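Take a look at the structure set out below.
Please read these numbers as outputs of a predicted model, since none were measured by experiment.
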Amino acid sequence: ELPFLADQPHEICRDRGAWLIMAFLNSLNISGSGLTAQKYRMEIVAQNLANADTTRTEAGGPYRRKLVTFSEIGNTGNFASVLRASAGDAVGGVRVEEVLDDTDDFKVEYDPTHPDANEDGYVQLPNVNTTEEMVDMMSASRLYEANITAFNAMKEMASKALEIGK
């Protein structure tokens, strides 16, 4: 034991306990942010699938596929975030950065009887590939499940730690 800490051992335990609680809560926040982000991604994929045949939107043209971009929470690369991380105060995770319109070209199909056909009989169809959307949905679903597994593992570890303390 260090001589200058001998008169305050309870302070060390309390600070360490608070740090452990914060670390536990941070790990739950990280998994929770992943759950939220992947749920939002699945909602956007579902929107894309629902509009795969929409040839006329409020804007006037065919539906344009939406893409979700994520960014890391807490690490901005500046000195303050690095200092917080080294002190154990870092809160990580992921957040939805933005939802972008896919810039790929629309599909074109010849159908002179379609109400949205141009004067040459061609219809612009959404740039949604249902196979690609289903793969994105499966990926988001698997990542959602992985975050649930991590969340449950942290709960189980906390439960076991409490049992040890009995």
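- Listed for the Arg64 side chain is a donor-acceptor partner under 3.5 Å among the backbone atoms of Asp102.
- Side chains of Thr130 and Leu49 form a contact here, defined as non-hydrogen atoms less than 4.5 Å apart.
- No side-chain heavy atom of Tyr63 sits under 4.5 Å from any side-chain heavy atom of Arg56.
- The cluster map of Ile, Leu, Val, Met, Phe, Trp and Tyr, joined by side-chain heavy atoms under 4.5 Å apart, puts Val108 and Tyr110 in the same cluster.
- Heavy atoms only, all atoms of each residue included: Asp111 and Ala117 are closest at O-CB, 3.4 Å.
- Shown here is Asp120, whose CG atom has more than 12 heavy atoms of other residues, nucleotides or ligands within 6.0 Å.
- The main-chain N or O of Val94 is found under 3.5 Å from a side-chain atom of Ser33 such that the two form a donor-acceptor pair.
- Leu100 and Val68 fall into different hydrophobic clusters, where Ile, Leu, Val, Met, Phe, Trp and Tyr are joined by side-chain heavy atoms under 4.5 Å apart, directly or via other members.
- One distance of note links CG of Asn127 with NZ of Lys66; it measures 9.0 Å at 0.5 Å rounding.
- Of the possible polar contacts, one joining the Asn118 side chain to the Gly121 backbone as a donor-acceptor pair under 3.5 Å is found.
- Within a 6.0 Å sphere centred on OH of Tyr122, heavy atoms belonging to other residues, nucleotides or ligands number 12 at most.
- More than 12 heavy atoms of other residues, nucleotides or ligands shown are found within 6.0 angstrom of CZ on Phe106.
- For Glu132 and Arg65, the salt-bridge test passes: some basic side-chain N is under 4.0 Å from an acidic carboxylate O.
- For Asp101, the CG atom sits in a packed shell: over 12 heavy atoms of surrounding residues, nucleotides or ligands are nearer than 6.0 Å.
- By the side-chain contact (heavy atoms from CB on, under 4.5 Å) test, Ala50 pairs with no residue at all, sequence neighbours left out.
- In terms of hydrophobic clustering, with Ile, Leu, Val, Met, Phe, Trp and Tyr side chains grouped at heavy-atom distances under 4.5 Å, Ile148 and Met137 are assigned to a common cluster.
- Hydrophobic cluster membership differs between Ile73 and Phe70, with clusters built from Ile, Leu, Val, Met, Phe, Trp and Tyr side chains linked at under 4.5 angstrom.
- The distance from the CE atom of Met42 to the OG atom of Ser139 is 10.0 Å, given to the nearest 0.5 Å.
- Note on Glu97 versus Arg95: salt bridge recorded, some NZ/NE/NH1/NH2 to OD/OE distance being below 4.0 Å.
- Heavy-atom minimum distance, Pro126 versus Ala52: CG-O, 3.4 Å.
- For the atom pair CG of Asp104 and CG of Asn129, the computed distance is 10.0 Å after rounding to the nearest 0.5 Å.
- In this structure, the separation between OG1 on Thr54 and CG on Asp116 is 10.5 Å, given to the nearest 0.5 Å.
- Cluster membership check: Val45 shares its hydrophobic cluster with Leu35, using side-chain heavy-atom separations under 4.5 Å among Ile, Leu, Val, Met, Phe, Trp and Tyr.
- Note that the CG atom of Leu67 and the CG atom of Asn48 stand 7.5 Å from one another [nearest 0.5 Å].
- Taking the side chain as every heavy atom from C-beta outward, Thr149 and Phe151 never approach each other to under 4.5 Å.
- In this structure, NE2 in His114 is found 4.0 Å from OG1 in Thr55, a value given to the nearest 0.5 Å.
- Looking at Thr36, its side chain does come within 3.5 Å of a backbone N or O of Gly32 through a donor-acceptor pair.
- Judged purely by atom type and a 3.5 angstrom limit, Lys39 has no side-chain atom pairing as donor or acceptor with the backbone of Gly34.
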